[in-house]
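On a predicted model such as this, the values are computed, not experimentally measured, just so you know. Side-chain atoms are counted along with the backbone in the values below, which use heavy atoms only and exclude waters and symmetry mates. Chain naming here is simple, since letters A, B, ... match the order of the sequence lines and numbering starts at 1 in each.
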Protein chains: 2
Amino acid sequence: MNLENTDPSLPTFDDCLKKIRAIDDTMELLSGKWKLSILSRLCYKPMRYSEILNDIEPLSGKVLSRELKDLETNGLIIRCVSGTKPPSVTYSVSDYGMSLRDLSDKIAEWGLQHRDRIRSSFKRSDL
Amino acid sequence: MNLENTDPSLPTFDDCLKKIRAIDDTMELLSGKWKLSILSRLCYKPMRYSEILNDIEPLSGKVLSRELKDLETNGLIIRCVSGTKPPSVTYSVSDYGMSLRDLSDKIAEWGLQHRDRIRSSFKRSDL
DNA sequence: CTGTATCCAAATAGATACTG
DNA sequence: CAGTATCTATTTGGATACAG
């Protein structure tokens, strides 16, 4: 028994694999627990290193450095140094990073409806 | 200097935090390198345990079991046992799991355009 | 066939101290 | 202030053997 579709209008297994690769590309960029969280905060307003560190409670400096570097390397955020002393470094979202905004909105949207679903299923099981 | 917006039509910082929590909810569900990959395959066709294992090369049985269990616990896939001997277990995507399809399409879409961007930036630097 | 249990290797995260 | 280096703790993954 072969459950694969044979209708040419439906996606082929090859389409499926292409999609998986594309998903992996995105997820690799966004992997790391904090990337989207950092990005969302920076979408709201530019922030300094220490500000982000204080804002995201259980986040160590080492991890933050790495996440920021990853995001910058991928062109999603911009690191801006004002050469004062003590130094001040401000991170902001690049135009390209902003192109993730629609996606992160969709992700958030699904999370919200999922939470509603969980809540209402609890209610049902309370009966 | 406070860079926060004060325009009431723009999102507040509280909106921003809510969004981040919603994103975390989604990402927690989809975390684990293989969840979306498994889900996408199952969207294409129902598959058996061993079939998935053979299909995704660098994936161990232990990890696959856990991922499948997670996905099932969250109601995203359905585990169907035909009590033959030897046993046969088929996994398929639930209606609820299908609600992730739009999202995973968006994720794939962004990945594709990102790949194009990378490629064209390589071309430019080759000049 | 479909898993689980165990053991071991590798990756990741936190804390702390330290540099420019 | 903005990081980096180091060490250690925790998490995660693979391989193998084994059970139902």
- Among the nucleotides C:dT2, D:dG13, C:dC1, whichever has the atom closest to the side chain of B:V63 is D:dG13
- Please state whether the phosphate of D:dT4, meaning OP1 or OP2, lies under 4.0 angstrom from any side-chain nitrogen or oxygen of A:K69. yes
- Grab the NZ-C1' distance between B:K62 and D:dC18 for me, whole Å please. 15 Å
- Item | C:dG3 OP1/OP2 closer than 4.0 Å to side-chain N/O of B:R79 | yes
- Message: I want to check one thing: is the phosphate of D:dA2, taken as OP1 and OP2, less than 4.0 Å away from some side-chain N or O of A:R48?
- Response: yes
- Note on the structure: Rounded to whole Å, CD1 of A:I77 lies from P of D:dA2 at a distance of 13 Å
- Query: So does A:S88 get a side-chain nitrogen or oxygen closer than 4.0 Å to the phosphate oxygens (OP1/OP2) of D:dC1?
  - Reply: no
- Query: Roughly how many Å is it from CG in B:L53 to P in C:dG3, rounded to a whole number?
  - Reply: 11 Å
- Sorted by position of nearest nucleotide on DNA chain D, 5' first, the leading residue of B:P58 and A:P86 is A:P86
- Task: May I ask you to verify if any side-chain N or O of B:R66 is less than 4.0 angstrom from the OP1 or OP2 atom of D:dG13?
- Result: yes
- Message: Suppose we call two aromatic rings close when their centres sit under 6.0 Å apart. Are B:F13 and A:Y44 close by that rule?
- Response: yes
- CZ of A:R48 to CG of A:L53: how many Å apart, nearest 0.5 Å? 12.5 Å
- Item | A:E72 to A:I77 - nearest heavy-atom pair and separation | N-CG1, 3.6 Å
- Message: Using whole Å, what does the distance between atom P of nucleotide D:dC1 and atom OH of A:Y49 come to?
- Response: 12 Å
- Task: Grab the CE-P distance between B:M47 and C:dC1 for me, whole Å please.
- Result: 14 Å
- Item | Whether over 12 other heavy atoms sit under 6.0 Å from B:D95 CG | no
- To the nearest Å, give me how far apart CG (A:L68) and P (D:dA2) are. 11 Å
- Verify the neighbour count for atom CD of A:E28: are there more than 12 heavy atoms of other residues, nucleotides or ligands below 6.0 Å? no
- Query: Can you find a side chain N or O atom of A:Y91 that sits less than 4.0 Å from OP1 or OP2 on D:dG3?
  - Reply: yes
- In whole angstrom, give the distance that lies between atom CD of A:E72 and atom P of D:dA2. 14 Å
- Query: OP1, OP2 of C:dT4 versus side-chain N and O of B:S65: anything below 4.0 Å?
  - Reply: yes
- Message: Which is more 5' along DNA chain C, the nucleotide nearest B:P87 or the one nearest A:W34? Just name the residue.
- Response: B:P87
- For atom CD1 of B:I52 and atom P of C:dC1, their distance in whole Å: 14 Å
